[in-house]
**Q** 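First, the structure itself, so that you have it in front of you.
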Amino acid sequence: MTVRTRFAPSPTGYLHIGGARTALFNYLFARHNRGQFVLRIEDTDAARSTGESLNAILEGMLWLDLKWDEGPYYQSKRLGLYREAAAQLLEKNLAYRCWCAPEELEERRKLALKENRPPRYDGRCRTRPAQPAQPFAVRFRVPPGKTFFNDMIKGGISFEHAELEDLVLLRSDSTPTYNLCVVVDDAAMRITHVIRGDDHIANTPKQILLYEALGGTVPSFAHLPMILGSDKTRLSKRHGATSVMAYKEMGYLPHALVNYLARLGWSSGDEEIFGMNELIEKFSLENVGKSSGVFNPEKLLWLNHHYIKTTPAGELKPLLLQHLKTLGVDAARDERCEAIISTLRERAKTLKEMAEASLFYFREKISYEEKAAKKFLTHEILEPLKLLSKKLKKVEPFSEDNVKKAFDEVLEETGLKLGELAQPVRVALTGGTVSPGIFEMIAALGKEKTIERIEESLTPAAAWSSPRPGKEE
RNA sequence: GGUCCCAUCGUCUAGAGGCCCAGGACGCGGCCCUCUCAAGGCCAAAACACGGGUUCGAAUCCCGUUGGGACCGCCA
């Protein structure tokens with residue numbers, strides 16, 4: 001039997017970290033077993049479902065490269081199926097009509113909670129005579145007994161039916177509810193493995209009972225542990241960004257998130273770095289842990305940096321371009337991009353950081369940080385800078401090695417140490433004291449801009465080099 | 001309140017009775033390298049929640065305690 005998994009989000013918000021991991025594990029399990037991965041949109045709550053959310057979820061999955069084989073299926077387009085199933089259950093007396101008013105139910109629940117009683121429906125309509133002309137909901141008649149299932153992650157779990165309430169299958173407006181839809185669809189779509197968050201454990205016995213009532217094959221279940229925030233409560237906006245797409249905006253590589261999410265709850269020995277194919281090859285539910293995990297942004301950041309360091313510059317370029325664009329720089333036609341990326345990848349943990357750090361390469365005019373200029377653009381350095389400029393003009397090709405040679409000559413002739421020359425040059429070229437290695441940076445900046453900026457620095461250098469009090473030469 | 005789930009360094013985890021006075025990774029601290037910042041290399045601190053069993057032997061199995069979490073909707 002081919003393995004079929006599904007990811008079934010409800011379009012009531014963006015794709016969040018937890019949902020993304022559920023989707024990923026379903027994807028990996030299906031791929032690993034050469035099965036199919038189905039996408040189903042659970043939009044039976046018309047009031048809360050939006051097209052915007054739907055797009056956000058699809059966008060998130062595509063960004064993470066979690067491609068589905070089938071769907072998306074929309075539950076809102078399958079309402080007839082669910083009603084049919086409910087009618088069938090009604091017919092077999094496995095379900096019954098309930099005339100209780102929702103408000104009344106709500107009141108009873110609140111009262112029960114207040115009195116510390118289980119807030120469960122008491123089943124009073126099981127035996128109630130028909131109330132013609134009254135709107136009714138359809139409830140499942142939970143049979144007596146006990147349900148056991150063997151969770152692929154958590155192991156054996158069983159529930160006494162006495163703990164289950166007669167759940168609503170069809171609302172009084174005849175729209176179906178979650179548990180019914182899930183079971184009907186998972187059966188119809190021949191889902192073999194239901195992999196979802198462990199907040200669904202309590203739903204599982206109800207769903208198993210429904211499968212049995214409807215004569216469907218019960219799939220295998222695997223309940224993933226929750227992802228928690230730093231305070232060990234369920235991950236939410238309070239803990240920072242939870243939207244997958246927010247990570248794109250922050251300059252994360254999609255695969256860094258995938259790798260991080262995979263390792264949150266799953267492991268393969270001591271390994272930390274996994275490409276997508278490697279994940280597919282190595283993923284198995286046996287290696288998924290049972291306990292919930294805390295989302296650790298620092299580790300994600302480390303992974304992101306790892307992938308920034310190892311992804312070819314050519315692949316990084318279009319991504320960097322996007323971030324530069326939001327900073328108002330259009331570098332699409334700039335041929336230096338790949339060289340620039342190479343100088344920055346070791347020191348930028350996100351693409352956003354890289355874009356910001358690369359700004360000096362693209363600016364027409366740079367401005368000096370006051371402190372930096374004051375400290376390094378001094379009288380004494382004027383001549384060496386002139387000399388350097390002169391030497392650099394002759395450098396051809398303008399490669400890192402050749403630039404270094406020009407520097408060596410200047411150092412030789414002036415007796416300066418590299419540090420004494422490099423920092424002023426750095427300020428002259430970038431405006432600040434922090435940048436990539438001086439030679440690689442100069443080569444990436446390009447001959448024209450380098451010489452232009454050094455010469456430009458010669459003027460203000462004289463003006464700003466007023467010696468500090470007591471240090472008069 | 002009831003039911004269910006979970007429990008190894010701060011965090012993610014390895015560990016499927018002896019290989020473990022517990023290994024890796026992130027982060028943190030130190031040192032080295034060094035033209036700045038990084039990156040890199042090396043070193044260090046840091047955990048089997050507790051109590052009972054079972055066993056020649058337990059982080060690993062069982063029970064209990066404690067602590068965390070989830071669920072208890074005509075939401076999904």
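Side chains are part of it too, since the values below use all heavy atoms of this structure and drop only hydrogens, waters and symmetry mates. Throughout, a chain's letter reflects where its sequence line sits, starting with A, and its residues are numbered from 1. What you are looking at is a predicted structure, and each value in this text was computed from that prediction instead of being measured.
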**Q** What residues form a side-chain hydrogen bond (donor to acceptor under 3.5 Å, both in side chains) with A:Ser230, not counting sequence neighbours?
**A** none
**Q** Just to be sure I understand the geometry, which residues of residues 80-89 of chain A put a non-hydrogen atom under 4.0 Å away from RNA chain B?
**A** none
**Q** Taking only side-chain N and O atoms of A:Thr44, does any of them lie within less than 4.0 angstrom of OP1 or OP2 on B:A76?
**A** yes
**Q** Within the distance-only criterion (no hydrogens, no angle test), does the side chain of A:Asn304 pair as donor or acceptor with the backbone N or O of A:Gly251 below 3.5 angstrom?
**A** yes
**Q** Nearest to the A:Ser10 side chain among B:A76, B:C72, B:A7, which nucleotide is it?
**A** B:A76
**Q** I want to confirm an ordering. Mapping A:Arg109 and A:Leu113 to their closest nucleotides on RNA chain B, which one lands closer to the 5' end?
**A** A:Leu113
**Q** Once you apply a heavy-atom cut-off of 4.0 Å, does A:Asp151 come out as touching a base, just sugar-phosphate, or nothing?
**A** nothing
**Q** Distance check, C1' atoms only: B:C61 and B:A44, in whole angstrom units.
**A** 36 Å
**Q** Sorted by first residue and then second, give each salt bridge (charged side-chain N to carboxylate O under 4.0 Å, His left out) pair with at least one member in residues 412-439 of chain A; sequence neighbours left out.
**A** A:Lys391-A:Glu413
**Q** Scan residues 165-184 of chain A for pairs that pass ring pair (Phe, Tyr, Trp, His ring centres under 6.0 Å), counting only residues two or more places apart or in two chains.
**A** A:Tyr178-A:His200
**Q** Across nucleotides 23-45 of chain B, 5' to 3', mark each nucleotide with B, S or - according to how protein heavy atoms within less than 4.0 Å reach it.
**A** BBBS--------BBBBSS-----
**Q** Base, sugar-phosphate or nothing for A:Phe159? Non-hydrogen atoms, less than 4.0 Å.
**A** sugar-phosphate
**Q** How would you list, by chain and number, every residue that makes a side-chain contact (heavy atoms from CB on, under 4.5 Å) with A:Lys309, sequence neighbours excluded?
**A** A:His305, A:Glu346
**Q** Listed in order of residue number, which residues of residues 165-184 of chain A have a non-hydrogen atom at under 4.0 Å from RNA chain B?
**A** A:Glu165, A:Val168, A:Arg171, A:Ser172, A:Thr177, A:Tyr178
**Q** In whole angstrom, give me the gap between the P atoms of B:C9 and B:A46.
**A** 14 Å
**Q** Could you pull out all residues at least two apart from A:Ala112 that satisfy side-chain contact (heavy atoms from CB on, under 4.5 Å)?
**A** A:Arg117, A:Pro119
**Q** With rounding to the closest Å, how many angstrom separate the P atoms on B:G23 and B:C48?
**A** 13 Å
**Q** May I ask you to evaluate whether A:Arg139 reaches the phosphate of B:C74, defined as a side-chain N or O under 4.0 Å from OP1 or OP2?
**A** yes
**Q** Using a strict threshold of under 4.0 Å (side-chain N to carboxylate O), is an ion pair present between A:Lys282 and A:Glu278?
**A** yes
**Q** Applying side-chain hydrogen bond (donor to acceptor under 3.5 Å, both in side chains), name anything that partners A:Glu272, two or more places apart in sequence or on another chain.
**A** A:Arg263, A:Lys299
**Q** Considering residues, nucleotides and ligands other than A:Lys447, do more than 12 of their heavy atoms fall under 6.0 Å from its NZ?
**A** yes
**Q** Could you list all the salt bridge (charged side-chain N to carboxylate O under 4.0 Å, His left out) pairs where at least one residue sits in residues 42-54 of chain A, not counting sequence neighbours?
**A** A:Arg40-A:Glu42, A:Asp45-A:Arg48
**Q** Given the structure, check if the side chain of A:Arg48 and the base of B:C75 hold any donor-acceptor pair shorter than 3.5 Å.
**A** yes
**Q** For A:Ile208 and B:C4, give me the distance from atom CD1 to atom P, rounded to whole Å.
**A** 15 Å
**Q** Within the 4.0 Å limit for protein heavy atoms, which parts of nucleotides 62-70 of chain B are touched? Write it as a string from 5' to 3', B for base, S for sugar-phosphate only, - for none.
**A** -------SS
**Q** Identify whether the distance between the nearest side-chain nitrogen and carboxylate oxygen of A:Asp185 and A:Arg78 falls below 4.0 Å.
**A** yes
**Q** For B:C42, give its Watson-Crick or G-U wobble partner with both distances under 3.5 Å, or none.
**A** B:G30
**Q** Tell me, please, which residues at least two apart from A:His255 pass ring-ring contact (aromatic ring centres under 6.0 Å, His included).
**A** A:Tyr307
**Q** Just by modelled atom types, is the A:Tyr121 backbone N or O under 3.5 Å from a matching donor or acceptor in the A:Glu165 side chain?
**A** yes
**Q** Could you give the CG-to-P distance, from A:Leu111 to B:G2, as a whole number of Å?
**A** 18 Å
**Q** Using the P atoms only, state how far B:G10 lies from B:A45, rounded to an integer number of Å.
**A** 15 Å
**Q** Validate the cation-pi geometry between A:Arg97 and A:Phe136: distance from NZ or CZ to the six-membered ring centre under 6.0 Å, angle to the ring axis within 45°.
**A** yes
**Q** Classify A:Ser268 by what it touches in the nucleic acid, base, sugar-phosphate, or nothing, heavy-atom distance under 4.0 Å.
**A** nothing
